Every structure is written in C-alpha cells, then in structure tokens.
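Have a look at the structure below, then the notes.
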Amino acid sequence: MASHDDKGVKRSNMDGNDQDSKRIKRAENGDAAPEKYNPYLAHLNEDGNGNGTNGDFESPLDAFERHKTTAAQAAQAEDSELNPWTGQPHSQRYFDILKVRRDLPVHKQRQEFLDMYHNTQILVFVGETGSGKTTQIPQYVLYDELPHTNGKLIACTQPRRVAAMSVAQRVANELDVELGQEVGYSIRFENRTGPKTMLKYMTDGQLLRESMHDHDMSRYSCIILDEAHERTLATDILMALLKQIAARRSDLKIIVMSATLDAQKFQSYFYNAPLLAVPGRTHPVEIFYTPEPERDYLEAAVRTVLQIHATEPEGDILLFLTGEEEIEDACRRISLEVDDMIRESDAGPMKVYPLYGTLPPAHQQRIFEKAPEPLRKGGRPGRKVIVSTNIAETSLTIDGIVYVVDPGFSKQKIYNPRSRVESLLVSPISKASAQQRAGRAGRTRPGKCFRLYTEKAFKKELIEQTYPEILRSNLANTVLELKKLGVEDLVHFDLMDPPAPETMMRALEELNYLACLDDDGELTRLGGLASEFPLDPALAVMLISSPEFYCSNEILSIVSLLSVPSIWVRPNNARKRADEMKMQFAHPDGDHLTLLNAYHAFKGAETNGDDMKRWCHEHFLSYRHLSSADNVRAQLKRIMETHDISLVSTPFQDKNYYTNIRRALLAGFFMQVAMRESSNSKVYKTVKDDQLVMIHPSTSVTSPYDWVVYNEFVLTTKQYVRTVTNIRPEWLLEIAPVYYDLDTFEKGEIKSALTRITDKVKRRQAIKGSGSAR
DNA sequence: GAGCACTGC
C-alpha cells in the first residue's frame with residue numbers, strides 16, 4: 001500500500017486519534033476510582049461499551065492503565081483464576097510454569113524494569129544466559145502496553161528462525177494461550193500470527209522486510225531487539241532505523257537486549273539510554289591456558305580431549321573446530337586413540353559426535369543421545385564428546401557439557417571491497433567468543449574450559465568483539481534495502497559501526513551498473529522491483545529481466561536453486577558414484593543448466609508419484625535442499641505475480657531453449673564474466689578486475705568456451721569460479737552495453753578481444769543491412 | 001581435481 005514516496009503521510013491518521021481518546025478516557029476512569037488497583041472491582045469503572053480485553057468478560061486488566069502497570073498489579077492479574085487475556089480458566093500447567101517463572105533472576109527486577117520502561121523511550125537491557133530475558137521481558141511489556149486497548153503489537157526479534165519459533169511456543173505456554181493466537185511468530189515461509197496477536201516473535205530480517213512497506217513500523221507500540229550483541233546485518237540496520245523512527249514516533253518504545261560485554265556501546269549509541277542489568281544463572285567455569293603457544297592446534301585439541309577422558313571425572317566434552325573436514329578428521333583420530341586407551345588402560349567408553357551446519361538434521365540430533373554406559377558393571381564411566389563448529393556457540397545448546405576445549409579459531413567471512421570478493425578465512429576468535437565458548441561448560445554444573453593458547457595471547461592478541469557482519473560483507477543488497485526503506489542520505493545514516501567508504505562505493509557502483517540506482521543514486525523502477533525480492537540484486541535483476549529472454553520459468557528455477565545450499569550430495573565413501581550420477585544431469589554448456597536439469601528430473605519424478613526421499617538418495621541429490629528450493633521458488637513466483645512479471649518459456653524443442661537461458665543469465669551477471677587466457681589454457685581472467693581464476697573442479701562444463709559467466713568467486717587453495725556457463729562475448733555487448741562500453745576498459749587482452757568482436761559484429765550487420773530488404 | 005563458519009529475507 002505504501003510506496004516509498006508517500007512515507008510520512010499516513011502516520012497521523014493511522015496512529016488513531018480514537019485510540020488516544022480511549023486511552024485518556026481510561027486514565028480518567030482509573031484516576032477517579034480509589035480502588036483502581038483492585039482488579040476485582042475493575043468492572044465497576046467500566047463504561048460498558050466493551051473497550052475491555054478480547055472477549056466480553058471482566059478482566060483484571062480493565063483496571064490497568066497503559067504505561068503505569070506495577071509489578072504487584074501484574075502479578076495479581078497473573079494469579080487470577082481466569083486468564084486475563086482470554087477469559088478462559090487458567091490450566092494447572094500455567095500455574096506450574098508460573099512458579100518456575102517467578103524463580104528466574106529477571107523476576108526480582110520486574111518493578112525496576114517497569115519503572116525504567118515508563119520513564120524512557122529507549123532502554124538497554126543486559127541479561128546473561130539463564131536470566132530469562134527473552135521469555136519474560138516481552139511479557140512484562142505486554143502487561144504494560146496493553147495491546148488490546150490500542151491494537152498495536154509488541155515485536156521481539158531474534159537472529160534465528162528456530163529461536164523465534166521455539167521461544168514463541170514457550171511464551172504461548174507461559175501465557176496459557178494457543179500459539180498463533182495472542183502470541184505468535186513470523187519467519188520467512190511461515191507466519192503464525194492472527195488478528196488476536198499481541199506479542200510477535202520474529203526474525204530480525206523479517207522485521208526489516210516488513211518495514212520496507214511500513215517505514216514507521218506503525219503496527220508496533222514496542223520493539224524489542226534481542227541478542228543485539230550478535231550484531232547481525234539486520235539488527236544493525238534495524239537499530240539505525242529505529243533510532244530515526246524513535247525521533248518521529250514518540251509513542252514507540254524500544255528495548256535493546258544484549259549479553260553483557262558491550263552494553264555501554266549500545267547505551268551511548270542510543271543517546272545514553274538507561275541500562276538495566278540482570279544477572280544470569282550459570283555455574284562457575286574454571287579456565288586453563290596452555291603455558292606455551294601450540295604449534296598444531298588440531299593435534300593439541302585431540303590430545304587435550306584424550307587427557308580429559310583419562311584424568312577428569314565424569315562429564316561430556318565439547319571441542320570447537322573450524323569446519324567439516326577438520327571435524328571429521330578429529331573425530332576419526334579421537335575414536336582411534338580411545339580404542340587404544342580402552343585396550344591399554346581400561347579407559348571408559350567414549351562416543352564421538354561431529355556437529356556442523358551442513359550435517360543433516362537427523363545426524364545433528366544425535367548429539368543429544370546419552371553418554372555411553374560403562375563397558376562392564378562397575379567399570380569407568382562412559383563419556384560423549386562433541387566436535388563442533390561455531391554452531392554450538394550460539395545456535396545450539398547442549399546440556400550436560402562440563403568440559404570445553406577451545407583452540408581459539410573459527411572460520412569467518414571476510415570481504416575485500418577492492419577485489420569484491422567475499423571469502424572464508426580461519427581466524428582467531430574474539431574475547432567475547434572465547435567467553436561464550438567457556439560458558440557452554442557451566443550450564444548444568446561447574447565446569448572447566450581448556451584454552452589452547454596462552455593467557456597472554458588471550459589478553460593481548462584477541463580482539464574484544466568479533467567485527468560486526470556489516471563490516472565484513474558486500475553491501476549491495478543492504479544499500480538497495482536502505483534505499484527502499486527511504487534512507488536518502490546513506491553517508492549520514494547513523495550506523496553503530498559505519499562500513500568503509502570503499503565498501504559503500506562498491507555497492508553503489510554495482511547497483512548503478514545493474515540499473516537499480518540511477519546516476520544520482522536514486523532508486524529506479526527496476527531497483528524498486530528488485531528490492532521486493534529476498535535475493536541479491538544480481539539475481540533479482542536477472543529474474544526480473546528474464547521474460548525478455550522468453551525463459552522466466554527456467555530462470556525462476558535457476559535463481560531458486562542458486563539461493564539454497566548445494567543440491568549435490570557427495571559422500572566421502574561414494575564420491576565416484578555420486579559424480580557419475582551428477583553426469584546424468586550434466587549439460588555440457590553450463591552448471592546453471594545442469595542444475596535446471598536436475599530440478600526438472602526431480603519435479604518429473606515427483607509427478608510420477610515416486611518416493612522422493614528415496615529418489616533423491618538414489619540420485620545423490622539433497623531432498624532437503626531441493627524441497628527448500630521449491631519453497632523459495634513458490635515465494636518468488638508469488639512476488640513475480642503481484643508485480644505482473646510474466647512467466648514464460650521457450651518451447652523445449654526450440655533450438656534456442658538453452659541459448660535463451662544462457663543469455664538471460666547475463667542480464668544479472670554480466671559483471672561476473674571471465675575470459676580464457678589463451679585457447680587450451682585452464683586459466684581465466686575476470687573481466688574488469690583482472691583476477692586470474694580457474695573453473696572449479698565440480699563443474700559439469702565439458703568443453704569450456706573462451707568466455708564464461710560465473711555465479712561465485714571462491715578463494716580456497718586457489719582462486720576458483722564456481723557454477724559457470726559458456727557464453728558468447730557478443731551477447732555481452734548487446735545485453736550490457738553500458739558495462740561493456742569499451743572506452744571504460746583498461747588496455748589489455750580483454751579489451752582487444754572485445755574490440756575484435758565489436759568490429760566483427762559491425763561488419764556482419766553491414767552485410768546483413770545491405771543484403772536484406774529491411 | 002576441490003570442499004561447505006553461521007545466519008537471514
């Protein structure tokens with residue numbers, strides 16, 4: 001409804017004067033009645049025209065005054081026999097949970113919280129793990145915002161979907177309501193909220209998406225940003241936006257919730273907002289450092305795990321490593337050594353579990369199995385060890401961990417704006433990360449953390465905080481979003497950590513080439529359309545342009561496949577068979593086309609009624625990722641339909657079926673093109689930035705052309721381009737004439753090659769022109 | 001002839 005041009009217009013009337021008047025009326029009622037805090041007399045003050053809670057019943061809430069709730073008052077309402085929000089009798093489970101809730105550290109400070117909340121627009125809340133902040137604070141707000149009186153919602157954002165879903169479920173139980181009614185959640189692909197919803201958990205990215213169509217976030221009376229210390233891209237942008245919105249909307253309250261470390265940074269960023277700190281509930285963790293730096297951290301890690309097993313009392317171990325390969329390797333080594341230990345020194349049994357994101361969920365679940373029993377009655381106790389990436393640092397909590405082994409490294413995304421390459425690099429972790437890792441040992445009882453670096457290194461070499469994502473990313477997508485969000489002046493957009501000017505410039509340049517921004521940096525129609533899609537700008541532009549190439553159905557499929565993790569499965573023990581299977585789908589001219597073939601085969605088998613899990617397994621394809629591509633496709637298709645982007649195909653028998661698709665790829669990816677150094681060479685040079693690259697060995701392109709378009713640049717042992725498709729250079733000049741304006745090219749092989757091609761095309765056109773009647 | 005930290009729309 002609101003295009004980005006009419007921002008600010010709708011505000012005055014949408015906020016609702018009648019809601020204000022209602023609020024005032026209620027305040028008068030309350031003030032007039034001396035019994036205003038007695039919920040049981042509340043109905044005597046009612047004017048009888050149903051401005052009460054959701055149903056027609058007497059609720060203790062009727063005596064509440066917005067932004068004046070006290071902890072005692074709220075507690076009394078919570079103790080009522082009837083649910084104050086629904087009028088239904090409270091269940092026994094409700095009262096059981098209530099007892100547990102009142103035991104949480106945060107409960108003691110409910111009044112203190114409310115006092116602060118009443119007196120400020122923005123509040124910084126610091127609570128360590130186990131404080132109960134994520135579940136309780138939104139409920140404290142609920143009892144103070146009284147959403148039923150003004151129809152506005154309370155939002156609580158989470159960086160991850162699972163968290164949004166599980167916390168919403170928990171809070172629905174705590175409030176004794178059905179999930180999706182008074183309490184709901186909203187994540188990509190799933191909106192479980194309804195007309196009654198008052199409290200909504202959501203991912204930070206989802207709130208950002210929403211705000212693209214509601215620049216003032218006018219649906220909400222309070223927005224709680226949880227886990228703000230994680231500094232996701234979405235949280236950083238939301239913080240800056242909310243800072244702006246707060247100035248326009250005095251009725252909007254904001255709570256920023258974070259773990260301890262950088263609370264002051266949040267405070268000073270939000271105009272010295274007041275701070276409330278609540279202690280957590282964890283057990284002490286003893287920290288050990290190595291006296292000398294370790295040369296080989298993998299070896300040291302394996303050794304430490306075995307030593308714990310040999311000498312420390314019962315309790316499970318968590319070892320942090322950086323990636324799949326390293327983890328599988330460590331698991332093998334630990335298992336072998338433990339077998340020796342059992343034979344030689346009667347050690348207890350030990351089960352080793354790998355844990356990383358690309359592991360299928362069923363395998364991930366295994367980490368929750370119990371530690372093994374002693375090998376014989378009265379024998380040494382069994383133990384489990386989990387060897388994990390950073391996923392166990394934030395996303396997954398495992399109870400029962402007593403020992404943590406921390407070599408001090410993780411893979412981190414790095415962005416180099418000069419070469420425009422994002423890559424993963426094994427880097428030292430931050431102090432905050434190290435602390436978080438250590439904390440994983442103290443969730444159920446006192447624990448120990450073995451850091452495989454010296455205390456001096458911890459103090460002197462580790463940075464305080466991991467750099468926020470916004471400083472480590474290509475910002476093309478972000479800049480497009482900001483433009484759509486109505487942020488006019490990017491340079492003065494008040495981000496907590498402003499990215500390097502060069503990164504901004506690169507993003508603007510990229511968007512300008514993609515015609516999403518005009519030369520003045522204004523959003524174009526294409527740019528506005530592109531921002532509607534949850535895609536990187538190049539993919540969005542490719543999708544929007546695809547009808548011009550008569551293949552939007554196919555490009556839609558390809559874009560979806562490129563938006564999910566790889567659909568190819570290649571188990572270590574069946575690589576050859578997996579590769580052979582992949583060859584069945586291979587298209588000699590391009591990996592994009594191979595992906596499409598696999599997808600079409602998948603959909604064909606589905607129509608046949610095959611058992612798809614089995615079919616995928618047999619064809620070494622990932623059922624999970626193909627299904628999620630299907631999901632993405634449906635979402636993108638809906639967006640295309642709402643914006644009248646037509647879905648068309650070239651008939652499959654037409655000889656141009658694949659050519660059209662290959663040409664359409666260039667509409668978005670004309671900047672990701674490489675030219676072969678010389679014929680028969682394996683080395684390519686990327687256009688304009690002259691990087692030397694090789695085609696990734698996973699390719700299905702059998703006879704590479706001199707020119708290829710690629711989906712991504714990966715920097716591993718070598719510089720590779722991955723997912724490549726053969727193209728003809730004359731297409732470049734035709735499809736992206738601005739970017740391929742030869743005057744803008746540095747002198748070199750690429751420029752001369754393109755010049756030759758331009759001349760050839762001109763000659764050919766001249767002949768055609770003179771030869772045909774047209 | 002390699003690899004894929006994690007997350008999100």
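Being a predicted model, the structure only gives us computed values, none of them experimental. Chain identifiers are assigned alphabetically (A, B, ...) following the order of the sequence lines, protein sequences preceding nucleic acid strands; residue numbering begins at 1 within each chain. We use all heavy atoms of the structure for the numbers below, so side chains are in, but hydrogens, waters and symmetry mates are not.
Note on A:Thr203: every side-chain N or O is 4.0 Å or more away from OP1 and OP2 of B:dT7. Phosphate proximity of B:dG1 to A:Lys718: absent, as no side-chain N or O sits under 4.0 Å from OP1 or OP2. Put simply, A:Arg161 has a side-chain N or O that comes within less than 4.0 Å of OP1 or OP2 on B:dC9. Phosphate proximity of B:dC4 to A:Lys411: absent, as no side-chain N or O sits under 4.0 Å from OP1 or OP2. A close approach under 4.0 Å does occur between a side-chain nitrogen or oxygen of A:Arg722 and OP1 or OP2 of B:dC4.
Among the atoms of the strands shown, none is found under 4.0 Å from any heavy atom of A:Ser410. At a threshold of 4.0 angstrom between heavy atoms, the contacts of A:Phe533 with the nucleic acid are absent. Within 4.0 Å of A:Gln412, counting heavy atoms only, lies no atom of the nucleic acid at all. Contact annotation for A:Ile187: backbone-only contact, meaning every heavy-atom pair under 4.0 Å involves sugar-phosphate atoms and none involves a base. Within the 4.0 angstrom heavy-atom criterion, base atoms lie near A:Lys413. Contacts of A:Arg188 with the nucleic acid, taken as non-hydrogen atoms under 4.0 Å apart, include base atoms.
The ring-ring contact (aromatic ring centres under 6.0 Å, His included) check on A:Tyr720 picks up A:His696, with sequence neighbours excluded. In this view, A:Tyr297 and A:Phe409 satisfy the ring-ring contact (aromatic ring centres under 6.0 Å, His included) rule, not counting sequence neighbours.
Atom-to-atom, CG of A:Leu424 to P of B:dT7 comes out at 13 Å; the value is rounded to the nearest Å. Rounded to whole angstrom, the span from the CZ atom of A:Arg472 across to the P atom of B:dT7 amounts to 14 Å. Between A:Met694 atom CE and B:dG1 atom C1' there is a gap of 8 Å when expressed in whole angstrom units. For the pair A:Glu325 CD and B:dG1 P, the interatomic distance rounds to 18 Å; values are reported in whole Å. The nearest whole Å value for the distance from the CG atom in A:Leu207 to the C1' atom in B:dC9 is 12 Å. The NE2-P distance, from A:His229 to B:dT7, rounds to 15 Å in whole Å. As a whole-Å value, the separation of A:Glu532 CD from B:dC9 P is 16 Å. Between the P atom of B:dG1 and the CD1 atom of A:Ile695 lies a distance of 13 Å, rounded to the nearest Å.
Summary of the strand contacts: A:Thr322 and A:Asn477 both lie near DNA chain B, and taking for each the nucleotide with the nearest heavy atom, the more 5' one is attributed to A:Thr322. Place A:Val714 and A:Lys682 on DNA chain B by their nearest nucleotides, and A:Lys682 ends up nearer the 5' end.
Taking the ring axis of A:Phe713 as reference, the NZ or CZ atom of A:Arg722 does not stay both within 45° of it and closer than 6.0 Å to the ring centre.
In this structure, of B:dC4, B:dA2, B:dC9, it is B:dC4 that holds the atom nearest to the side chain of A:Ser566. Among B:dG1, B:dA5, B:dT7, the nucleotide with an atom closest to any side-chain atom of A:Glu324 is B:dA5. Residue A:Glu469 has its side chain nearest to B:dT7 when only B:dG1, B:dT7, B:dG8 are considered. Taking every side-chain heavy atom of A:Thr389 into account, B:dA5 is the closest of B:dA5, B:dG8, B:dA2.
Donor-acceptor pairing under 3.5 Å, judged by distance alone, is absent between the side chain of A:Arg575 and the base of B:dA2.
Here A:Glu128 does not pair with A:Lys133 in a salt bridge; the nearest charged N to carboxylate O distance is not below 4.0 Å.
Of the residues in residues 622-641 of chain A, not one places a heavy atom less than 4.0 Å from an atom of DNA chain B.
Judged by distance alone, with hydrogens and angles left aside, the side-chain atoms of A:Thr389 form a donor-acceptor pair with the main-chain N or O of A:Ile391 at under 3.5 Å.
Using a 4.5 Å heavy-atom cutoff, the side chains of A:Val559 and A:Leu636 are in contact. Looking only at side-chain heavy atoms (C-beta outward), A:Ser546 and A:Leu556 stay at 4.5 Å or farther from each other.
In this structure, CG on A:Leu471 lies 12.0 Å from CE on A:Met496, to the nearest 0.5 angstrom.
Among all heavy-atom pairs drawn from A:Tyr415 and A:Arg472, the shortest one is CB-O, 3.3 Å.
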